[in-house]
Asks: 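Handing you this structure, nothing more for now.
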Amino acid sequence: MTHHVLTAPISEGQVRALRVNDTVTLEGALFGVRDANLIALFDRGRKTRFDLRGHAAIHTAPNVRKVAVSPAHPTGYAPLCIGTTTSARMERFTQPLVEGLGVRLIIGKGGLGAGSLEVFQRAGGAYLAIIGGTAALETTWVESIEDVDLDDLHPESIWKFRVRGFGPLLVAMDSHGASLYEAVDREARARREKTLFRLGVK
Amino acid sequence: MRVDPAQVEEVARELYIRALKMLPPDIKEGFARLAARETDATAKQVLGTMITNIRVAEATENLLCQDTGIPIYNVTIGSGVEVDGVELKRAIRRGCERATREHPLRSSIVHPITRKNEQTSCGPGVPAIHLDFSEDRERLVIEMVPKGSGSENNSWLKMAIPAEGVNAIKTFVVDCVLDAGGRTCPPTIVGVGIGGTSDLCVALAKKAATRALGTACADPEGAALEASLAEAVNMLGVGPQGLGGDSTAFAVHVEIAATHITMNPVAVNMQCHSARRASAAFTPAGVEYGF
């Protein structure tokens, strides 16, 4: 179990060095993506002006306050509460995000499936688990909202955050075919019969 | 006792914000109980982070979770309360919109077909407003539940048949917990509705999932099922966030209704660990906030 401090752009070698149960702290840029903007990009042919190659993408849509544009708030948005949504809904977008747009790390909660795990193996990617529902804490790791794209989808815009000490995040799926979610699910399903027996279900 | 719609609007606004920021004491105690008995190292850390987050939210007066949820208002009207029901519902909706605009909060509500977000946390049929009545004459209670989508997306209904018996109910609950995995943000409150019609069964599951920890099903058979199912689902090892451990659920809550001789319906609705709710009671003495 190794701790890694990563700043984008992240190389394939850096991602392949990550193993499940390692921890990561992210510094610098972090992009926020989720349902509506991924549908816009990959189903409706819209483009983003952001270059995501080597970057980390988090499944999120923040609570923001509209403020005057200033060096601290170049987009006119101040972050209020930033947290992470359930990744499973974004499963089919892992492939175009990683192999199409060059994203290296996906940060989310609840895990991704077998298809994403294959993409991570093939292209060199990993999934970092954040603790869902702990947005007040997560917000303290976000310095500012640096940029925003596709804001007509607000709050499901594509957000560019500047983060400091973002973590520790748990490497839950790595580029070597290991997934903590898959392991926990397999073990839990193996306990199903015993659990039902305890409940008197024959 | 008369209730003024203008005051209802203020309270509806305040309740949404309070619910998003302050976790009820029974949920905090639930965390302490789980943390004390958890044996898995990762799960202990995950629970520790969740407990830290509650403290940070209070210290920074921030929202516990970024998901502002689907706003639900449960209104219980005492038999001696005079209130214009139409105005009451309008006032709640205005309060919900104002909370969203004035705090501001992320509007998480879209039209289900166009997916257009009006940035008001409202839309057709939302906020959900449920009305009930009580014999507590001089009292009107509004409970606000911002229901998070991670848990709400894991909702199930099975129209089992009498021949499948109570075993169908037990098996269904265990399988729902397995299928939900980490997506519901465990530890959860697993809400189980048993009986009724299909729609009543689902409503019972929601009522069960959002009930305070430490309360029991009024029906003794239902209460016995709560205890055995809670022990069972925590044997599965799904753990907090689906990363493994003993703390899969704070509790299993059951609500029941009578059903038809041909029917054996069971529904499951889950509440995530950010089990948020807030309430306000209108009495002749004024408005009192609680959980």
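Keep in mind that the numbers below use all heavy atoms, side chains included, and drop hydrogens, waters and symmetry copies. Just so it is clear: chains get the letters A, B, ... in the order the sequence lines come, proteins before strands, and each one is counted from 1.
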Asks: Chain A contacts: which residues in residues 16-27 of chain B have a non-hydrogen atom closer than 4.5 Å to it?
Replies: none

Asks: Would you mind telling me which of B:Gly244, B:Gly150, B:Cys65, B:Pro104 has the largest number of heavy-atom pairs within less than 4.5 Å of chain A?
Replies: B:Pro104

Asks: Name the region of A:Ile82, side chain, backbone, both or neither, that has any atom closer than 4.5 Å to a heavy atom of chain B.
Replies: backbone

Asks: B:Thr68 versus chain A, heavy atoms under 4.5 Å apart: side chain, backbone, both or neither?
Replies: side chain

Asks: Answer yes or no: is there an ion pair linking A:Asp149 with A:Lys160, defined by an N-O contact shorter than 4.0 Å?
Replies: no

Asks: Answer with side chain, backbone, both or neither: which region of B:Cys272 has an atom nearer than 4.5 Å to a non-hydrogen atom of chain A?
Replies: neither

Asks: B:Thr248 versus chain A, heavy atoms under 4.5 Å apart: side chain, backbone, both or neither?
Replies: neither

Asks: Determine yes or no for a side-chain-to-main-chain donor-acceptor pair under 3.5 angstrom, with A:His4 supplying the side chain and A:Leu6 the backbone.
Replies: no

Asks: Measure distances from B:Arg115 to the heavy atoms of chain A and classify the residue's part below 4.5 Å as side chain, backbone, both or neither.
Replies: neither

Asks: Shorter than 4.5 Å, heavy atoms on both sides: which option in B:Gly237, B:Ala232, B:Gly182 has the most such pairs with chain A?
Replies: B:Ala232

Asks: Describe, in one word, how the ring planes of A:Phe31 and A:Phe50 are oriented to each other, choosing from parallel (under 30°), tilted (30 to 60°) and perpendicular (over 60°).
Replies: tilted

Asks: Between B:Asp175 and B:Lys158, is the closest basic N to carboxylate O distance under 4.0 Å?
Replies: no

Asks: Give a yes or no on whether the backbone of A:Ala36 and the side-chain of A:Glu156 come within a donor-acceptor separation of less than 3.5 Å.
Replies: yes

Asks: Applying side chain to side chain donor-acceptor pair (under 3.5 Å), can you list everything that pairs with A:Arg104, at least two apart in sequence or on another chain?
Replies: none

Asks: Side chains of A:Thr84 and A:Glu138: do they bring a donor and an acceptor to under 3.5 Å?
Replies: yes

Asks: Let me know which of A:Val142, A:Leu30, A:Val64 forms a side chain to side chain contact (heavy atoms under 4.5 Å, CB included) with A:Trp159.
Replies: A:Val64

Asks: Do the side chains of B:Ser121 and B:Arg106 get nearer than 4.5 Å, heavy atoms only?
Replies: no

Asks: Taking 4.0 angstrom as the limit, do B:Arg37 and B:Asp246 come out as a salt bridge?
Replies: no

Asks: Go through the atoms of A:Ala61 and report whether side chain, backbone, both or neither lie under 4.5 Å from a heavy atom of chain B.
Replies: both

Asks: Who among B:Asp179, B:Thr184, B:Val110 has the most heavy-atom pairs with chain A under 4.5 Å?
Replies: B:Asp179

Asks: B:Val174 versus chain A, heavy atoms under 4.5 Å apart: side chain, backbone, both or neither?
Replies: side chain

Asks: Who wins among A:Thr140, A:Thr139, A:Asn63 for the most heavy-atom pairs under 4.5 Å with chain B?
Replies: A:Asn63

Asks: Any donor-acceptor pair under 3.5 Å linking the side-chain atoms of A:Asp174 with those of A:Tyr127?
Replies: no

Asks: Between the side chains of A:His59 and A:Thr85, is a donor N or O closer than 3.5 angstrom to an acceptor N or O?
Replies: no

Asks: With the threshold set at 4.0 Å, does a side-chain nitrogen-carboxylate oxygen contact exist between B:Asp40 and B:Lys44?
Replies: no

Asks: Compute whether any side-chain donor of one residue and acceptor of the other, for A:Thr25 and A:His3, lie under 3.5 angstrom apart.
Replies: yes

Asks: Given a strict heavy-atom distance threshold of 4.5 Å, which part of A:Arg198 is in contact with chain B: side chain, backbone, both, or neither?
Replies: side chain

Asks: Which is it for A:Phe161 and A:Phe166 under the ring-ring contact (aromatic ring centres under 6.0 Å, His included) test, yes or no, and what are the steps along the way?
Replies: CA-CA 11 Å; A:Phe161 304 108; A:Phe166 198 90; 8.3 Å; no

Asks: What part of B:Glu231 is in contact with chain A, defined as an atom under 4.5 angstrom from a non-hydrogen atom: side chain, backbone, both or neither?
Replies: side chain

Asks: Tell me, out of A:Gly111, A:Ala183, A:Ala135, who's got the most heavy-atom pairs with chain B below 4.5 Å.
Replies: A:Ala135

Asks: Applying a criterion of heavy atom separation less than 4.5 Å, what residues of residues 219-229 of chain B form contacts with chain A?
Replies: B:Ser228, B:Leu229

Asks: Counting only heavy atoms closer than 4.5 Å, note whether A:Leu112 contacts chain B via side chain, backbone, both or neither.
Replies: neither

Asks: Report, by ascending residue number, the residues of residues 48-64 of chain B in heavy-atom contact with chain A at a distance under 4.5 Å; give 'none' if the set is empty.
Replies: B:Thr49, B:Met50, B:Thr52, B:Asn53, B:Val56, B:Ala57, B:Asn62, B:Leu63, B:Leu64

Asks: Determine whether A:Arg192 and A:Lys194 make a side-chain contact, defined as any pair of heavy atoms from C-beta on separated by less than 4.5 Å.
Replies: no

Asks: Under 3.5 Å, side chain of A:Thr134 to main-chain N/O of A:Leu137, donor-acceptor pair present?
Replies: no

Asks: May I ask you to check whether B:Ser247 and B:Glu38 show a side-chain donor-acceptor distance below 3.5 Å?
Replies: yes

Asks: Give a yes-or-no answer on whether the side chains of A:Ser116 and A:Glu91 include a donor-acceptor pair shorter than 3.5 Å.
Replies: yes

Asks: Would you mind checking which part of A:Leu153 comes under 4.5 Å of any heavy atom in chain B, side chain (CB onward), backbone (N, CA, C, O), both or neither?
Replies: neither

Asks: Just checking, is any N or O donor in the side chain of A:Lys109 or A:Ser87 under 3.5 Å from an acceptor N or O on the other one?
Replies: no

